[in-house]
Each structure stands twice: as C-alpha cells, then as structure tokens.
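Notes for the one structure printed next.
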Amino acid sequence: MWTDSRMMKRFALPIGAFVLVLLGALMMMANKGSASDISPAPLTPPAQAGDSIVKVLPTPIAALPVNAIQVVPFTDAALARDILLDVSKAGPWDEPSNAVDIRDYPAWRTRFPNLGLSGYSVAADSRHVSVYRNAFDPKQAPSETNQRVLAFAVADIGGHCAAGALIGNPTYTTFGAVDIGGAKCKAQSVLDRLKH
C-alpha cells in the first residue's frame with residue numbers, strides 16, 4: 001500500500017503538468033482560430049509636437065423643429081446651441097474686430113439681440129456665450145492644417161451646458177455639437193476637446 005501511494009505521488013506531478021500543457025495548447029488553438037476572424041484596428045500615428053490637426057470633429061445636429069423657440073436668458077442650453085449652429089450656417093463670418101463683441105457675429109446678433117459674449121476662458125452663463133474665435137494655433141496663420149475655429153459653450157438657467165463649433169478655412173464648413181463631458185462650461189474646454 002505504501003509503495004502504491006509513493007508511486008502515485010511520483011507520477012501525479014508529471015501527469016498533472018502534462019494535462020495543463022495540453023489544455024493550454026488547446027485553448028491557444030481555439031483563440032487563434034477566432035482571432036483570425038477579427039481584423040486589427042488601424043493604427044493612428046502619434047501626434048507630433050506642434051500638430052494642429054483636429055483630433056475630434058463636432059457631431060452634426062438634428063434638424064430643428066419648426067416651433068423651436070429660445071430667448072435670452074437661455075432655458076435650454078442644447079436648444080440654444082443648436083439654434084446658434086443653425087443660424088451660423090447663414091454667415092457671413094468675417095474677421096471680427098473684437099472676438100467677444102456680439103456686433104461682429106451678425107447671424108447671432110440678429111437671432112439673439114440681447115445675447116452677451118465672454119472670452120474663451122470665462123464660463124458661460126444663461127446670458128453670455130463663452131467664445132473662442134481664431135485659428136487652432138493663433139500664433140500661426142490660418143491654413144488647411146491650421147483651420148479657423150469658432151468654439152463656444154452655452155449655459156442655461158438650470159446650470160446645464162452645451163457646446164458647439166464651426167471649423168473651416170477660409171470659411172466655416174463644419175458645424176456641430178461638441179461633447180465636453182464634465183469639463184467647465186467654457187470655450188476653452190471645447191477647444192481642448194477638439195485638439196485632443
């Protein structure tokens with residue numbers, strides 16, 4: 001009896017190891033078969049220092065309902081953002097003499113004559129839209145690789161925030177909403193999201 005027990009212990013370890021190796025090989029063969037069905041995701045080269053390529057594009061907004069009404073102070077940030085994007089398509093968008101003067105935003109001023117604008121580092125409130133209006137890299141001239149951007153954030157009286165952007169060169173050709181998540185409700189947050 002002692003001899004049989006000793007002999008079983010002697011062979012149990014090698015047999016157990018063999019079974020584990022066999023199971024591992026079978027699992028690898030099964031995974032290899034299913035992995036070949038999945039095409040690899042395309043690789044994106046890392047951004048170079050000084051790259052001004054837009055990393056995230058604004059998402060298009062749905063068509064506005066005919067009865068869409070919004071006044072200042074805003075009660076619905078998302079609707080106000082969508083109206084500003086919609087009227088922005090009419091332009092014209094010339095270079096402003098003062099980026100935070102509503103008179104330099106004719107389409108916005110016509111729709112919301114009592115709307116105020118604030119700088120890109122100032123949080124929006126229900127009466128003021130936070131705006132950044134320049135090239136992505138303001139130290140360089142606007143170009144195809146350094147497009148013009150009008151990034152803005154809108155807040156409503158309930159404290160909700162919505163953001164949008166116009167992008168293009170020489171004129172704006174992309175209009176859409178930008179999800180800034182839990183970031184502060186200001187144009188700087190929109191610009192940061194578009195760049196990363």
Side-chain angles (χ1 to χ4, degrees), residues 52-139 142 146-196:
S52 60
I53 297 172
V54 176
K55 305 295 188 262
V56 175
L57 287 177
T59 54
I61 57 166
L64 290 173
V66 177
N67 62 349
I69 297 172
Q70 190 65 196
V71 295
V72 176
F74 294 134
T75 56
D76 184 335
L79 179 57
R81 183 244 354 253
D82 293 352
I83 291 171
L84 288 172
L85 285 169
D86 192 55
V87 300
S88 295
K89 294 175 184 176
W93 292 102
D94 297 323
E95 281 304 300
S97 57
N98 181 342
V100 292
D101 187 339
I102 192 67
R103 291 173 296 183
D104 287 326
Y105 296 70
W108 289 11
R109 185 183 55 175
T110 300
R111 181 62 180 82
F112 299 109
N114 60 338
L115 178 64
L117 304 180
S118 60
Y120 68 97
S121 63
V122 178
D125 61 39
S126 62
R127 295 178 181 274
H128 297 85
V129 175
S130 177
V131 179
Y132 173 87
R133 187 173 175 190
N134 208 328
F136 273 102
D137 180 354
K139 296 176 184 171
N146 186 36
Q147 296 188 6
R148 296 180 190 280
V149 59
L150 191 158
F152 66 96
V154 180
D156 61 31
I157 58 177
H160 301 101
C161 182
L166 290 63
I167 300 172
N169 189 66
T171 60
Y172 299 116
T173 54
T174 301
F175 304 80
V178 179
D179 180 6
I180 60 171
K184 291 188 178 177
C185 192
K186 56 185 183 178
Q188 179 66 61
S189 301
V190 183
L191 193 61
D192 292 343
R193 180 70 178 128
L194 292 170
K195 287 182 171 181
H196 297 99

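Positions are given from 1, in the same order as the sequence printed here.
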- Arg127 CZ to Ser118 OG distance, which is reported to the nearest 0.5 Å: 14.0 Å

- Candidate pair Asp86 and Phe175, rule side-chain contact (heavy atoms from CB on, under 4.5 Å), full reasoning: CA-CA 8 Å; Asp86 192 55; Phe175 304 80; over 6 Å; no

- Message: Whether the side chain of Ser130 engages the backbone of Ala123 through a donor-acceptor N/O pair (distance < 3.5 Å, no angle test) should be reported.
- Response: no

- Show the numbers, then the answer: is there a side-chain contact (heavy atoms from CB on, under 4.5 Å) between Tyr105 and Val131? CA-CA 11 Å; Tyr105 296 70; Val131 179; 3.3 Å; yes

- Distance in Å, Phe152 CZ paired with Leu166 CG, rounded so as to fall on 0.5 Å steps: 6.5 Å

- Closest non-hydrogen atoms of Ala135 and Asn146, given as atom of the first, atom of the second and distance, are CB-ND2, 3.5 Å

- Considering all heavy atoms of both residues, which atom of Trp108 and which atom of Ser88 are nearest to each other, and what is their separation? NE1-OG, 2.8 Å

- Please name the pair of heavy atoms, one in Val100 and one in Leu117, separated by the smallest distance, quoted to 0.1 Å. O-CB, 3.7 Å

- Note on the structure: d(Thr174 OG1, Asn169 CG) to nearest 0.5 Å is 11.5 Å

- Task: Dump the intermediate steps for side-chain contact (heavy atoms from CB on, under 4.5 Å) on Val87 and Thr110, then the final yes or no.
- Result: CA-CA 9 Å; Val87 300; Thr110 300; over 6 Å; no

- Can you name the closest pair of heavy atoms from Arg133 and Leu150 and give their distance? CD-CD1, 3.9 Å

- Task: Look up atom NE2 in His160 and atom SG in Cys185, then write down how far apart they are to the nearest 0.5 Å.
- Result: 11.0 Å

- Task: Would you confirm whether Gln70, through its side chain, and Thr75, through its main-chain N or O, come within 3.5 Å as a donor-acceptor pair?
- Result: yes

- Task: Go through the steps for Phe112 and Ile102 under the test side-chain contact (heavy atoms from CB on, under 4.5 Å), then give the verdict.
- Result: CA-CA 9 Å; Phe112 299 109; Ile102 192 67; over 6 Å; no

- Item | For the student: nearest non-hydrogen atoms of Asn98 and Asp104, plus distance | N-OD2, 2.9 Å

- Item | 4.5 Å side-chain heavy-atom contact, Leu194 and Pro58 | yes

- Message: Quick check: do Leu115 and Phe74 have side-chain heavy atoms less than 4.5 Å from each other?
- Response: yes

- Item | Gap separating the OH atom of Tyr172 from the CD atom of Gln147, nearest 0.5 angstrom | 10.5 Å

- Message: For Gln188 versus Tyr120, what's the shortest heavy-atom pair and its separation?
- Response: OE1-CE1, 2.8 Å

- Looking only at atom types and distance, does a side-chain atom of Lys195 sit under 3.5 Å from a main-chain N or O of Phe136, one as donor and one as acceptor? yes

